[in-house]
Amino acid sequence: AQKITQTQPGMFVQEKEAVTLDCTYDTSDPSYGLFWYKQPSSGEMIFLIYQGSYDQQNATEGRYSLNFQKARKSANLVISASQLGDSAMYFCAMREGGTGGFKTIFGAGTRLFVKA
Amino acid sequence: GAVVSQHPSRVICKSGTSVKIECRSLDFQATTMFWYRQFPKQSLMLMATSNEGSKATYEQGVEKDKFLINHASLTLSTLTVTSAHPEDSSFYICSARESLRTDTQYFGPGTRLTVL
């Protein structure tokens with residue numbers, strides 16, 4: 001069963017506008033963490049933002065914010081004021097605690113294209 | 001932030017040969033390291049989890065005799081692709097868990113393997 005779902009294979013956004021990348025997850029573990037990573041064409045995985053399952057507030061990191069809706073099991077990434085350099089693949093990931101063994105699994109990814 | 005290195009960054013080998021990829025945590029001790037494989041335009045697939053001093057735990061469908069993992073020290077894990085075939089050509093990414101201070105997973109820059 002797929003645990004991380006990213007339904008948008010590709011997204012376009014105009015420079016300076018905001019964009020939301022969708023992510024839903026599935027777990028029965030009460031303790032888990034949700035991550036977003038950016039992967040440019042160079043291949044490196046760049047950590048963007050983290051949300052813990054017990055965190056009461058949505059995580060924010062600069063232009064990145066995570067819209068965490070626990071009951072809906074969604075963890076959408078919002079990028080504000082898009083820049084040309086934001087064009088890349090974006091992966092949502094989940095790390096389960098307890099029986100998950102700390103391993104992190106990834107969604108299929110969303111390719112973001114920022115237009116000038 | 002903590003740094004994880006991989007060597008080599010790129011390798012081309014002939015079919016039937018073995019290739020070793022090193023993953024090092026440069027400024028922290030990593031009790032757990034993970035190996036991922038990423039095919040073009042696809043997501044990262046977890047291959048195995050290795051804990052220092054013990055045998056690696058392989059994900060379902062990953063051949064442990066083909067992908068040998070050794071985590072001999074707290075800063076080094078190696079992945080050896082034995083008797084490589086063209087279908088093993090992929091981007092291999094390691095990641096290391098820093099568990100003492102931040103309990104964060106850091107990713108290496110990846111190794112691109114091409115088997116001719």
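Everything quoted here is computed from the prediction, not taken from an experiment. In what follows, chains are A, B, ... by sequence order, proteins preceding strands, each numbered from 1.
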### Student check: side-chain heavy atoms of B:I93 and A:Q39 closer than 4.5 Å
yes
### Task
Look up atom CG in B:L44 and atom CD1 in A:I105, then write down how far apart they are to the nearest 0.5 Å.
12.0 Å
### Message
So for B:L46, is it side chain, backbone, both, or neither that comes closer than 4.5 Å to the heavy atoms of chain A?
### Response
side chain
### Query
If you check every heavy atom in residues 56-68 of chain B against those of chain A, which residues fall under 4.5 Å?
B:E59
### Query
Rounded to the nearest 0.5 Å, what separation is found between the OH atom of B:Y36 and the CZ atom of A:F106?
5.0 Å
### Message
Counting only heavy atoms from other residues, nucleotides and ligands, does the tally under 6.0 Å from CE of B:M45 exceed 12?
### Response
no
### Message
Are the side chains of A:Y37 and B:F107 in contact, using a 4.5 Å heavy-atom criterion?
### Response
yes
### Query
Where on A:F91 is there a heavy atom nearer than 4.5 Å to chain B: the side chain, the backbone, both, or neither?
side chain
### Message
With a 6.0 Å cut-off (strictly less than), is the heavy-atom count around NE2 of B:H7, excluding the residue itself, greater than 12?
### Response
no
### Sorted by number, residues from residues 108-116 of chain B in contact with chain A (heavy atoms, under 4.5 Å)
B:P109
### Message
Strictly distance-based, threshold 3.5 Å: is any side-chain N or O of B:S43 a donor or acceptor partner for the main-chain N or O of A:G107?
### Response
yes
### Query
Distance from A:M45 atom CE to B:Q38 atom CD, nearest 0.5 Å?
7.0 Å
### Query
More than 12 heavy atoms of other residues, nucleotides or ligands under 6.0 Å from CD of B:E87: is that the case?
yes
